[in-house]
Amino acid sequence: MKYREFSALLAGLDGETPLGRVTAIRSENDPKRLREFTPEMRRIRSRWLTRQAARMPQKKADDAIEALRLAFVNMAGGERHG
């Protein structure tokens with residue numbers, strides 16, 4: 001089976017199957033729904049995010065951290081030298 005076909009089949013899974021439930025938990029980004037997660041759902045999502053972060057190339061991680069740093073600096077009114 002080619003990856004494209006496999007991916008299409010996975011995308012068609014609904015939340016009524018065990019794999020569909022795990023996939024939905026891993027991909028959820030709605031803050032309101034995330035607050036409603038059970039401890040087990042949080043564990044599943046946390047393990048997934050940790051695994052994804054470990055696979056991220058160092059350059060991409062550094063760029064993301066720098067983007068966050070700049071966002072916080074801008075929220076605080078920019079850099080002040082003095």
Side-chain angles (χ1 to χ4, degrees):
M1 176 183 307
K2 296 197 187 259
Y3 177 78
R4 195 173 205 154
E5 182 182 357
F6 177 73
S7 182
L9 290 171
L10 281 181
L13 290 175
D14 63 11
E16 300 302 313
T17 65
L19 184 57
R21 283 191 291 276
V22 170
T23 302
I25 290 168
R26 288 175 172 179
S27 63
E28 185 60 62
N29 288 319
D30 180 6
K32 183 179 178 186
R33 301 242 3 233
L34 291 172
R35 283 191 297 273
E36 297 169 354
F37 271 16
T38 66
E40 177 64 11
M41 293 165 84
R42 291 176 198 272
R43 185 191 65 77
I44 290 168
R45 189 162 189 278
S46 176
R47 288 182 69 194
W48 173 251
L49 293 173
T50 300
R51 182 175 163 198
Q52 292 302 100
R55 291 179 162 182
M56 182 182 290
Q58 189 61 49
K59 171 75 170 114
K60 188 173 180 181
D62 291 344
D63 290 347
I65 291 170
E66 180 62 13
L68 283 171
R69 186 190 74 77
L70 290 174
F72 280 111
V73 166
N74 288 333
M75 285 190 294
E79 291 190 41
R80 292 191 176 88
H81 300 283

According to salt bridge (Lys or Arg N to Asp or Glu O under 4.0 Å), who are the partners of Glu66, at least two apart in sequence or on a separate chain?
Arg69
Rounded to the nearest 0.5 Å, what separation is found between the CG atom of Leu19 and the CG atom of Leu9?
11.0 Å
If only atom types and distance count, is the side chain of Arg42 paired as donor or acceptor with the main-chain N or O of Arg35 below 3.5 Å?
yes
Taking side-chain contact (heavy atoms from CB on, under 4.5 Å) as the test, write out the residues that go with [X], two or more places apart.
X     : value
Asp30 : Glu28, Lys32, Arg33
Arg55 : Arg51, Gln52
Ser27 : none

For residues 56-64, which side-chain donor-acceptor pairs fall under 3.5 Å, sequence neighbours excluded?
from  : atom 1 : to    : atom 2 : distance (Å)
Gln58 : NE2    : Asp62 : OD1    : 2.8
Lys59 : NZ     : Asp63 : OD1    : 2.9
Lys59 : NZ     : Asp63 : OD2    : 3.2

Test of understanding: clusters of I, L, V, M, F, W, Y form through side-chain heavy atoms closer than 4.5 Å, transitively. Do Ile25 and Leu34 belong to the same one?
yes
Trp48 and Arg45, any side-chain heavy atoms less than 4.5 Å apart
no
Just grab all the salt bridge (Lys or Arg N to Asp or Glu O under 4.0 Å) pairs involving residues 17-27, residues at least two apart or on different chains.
none
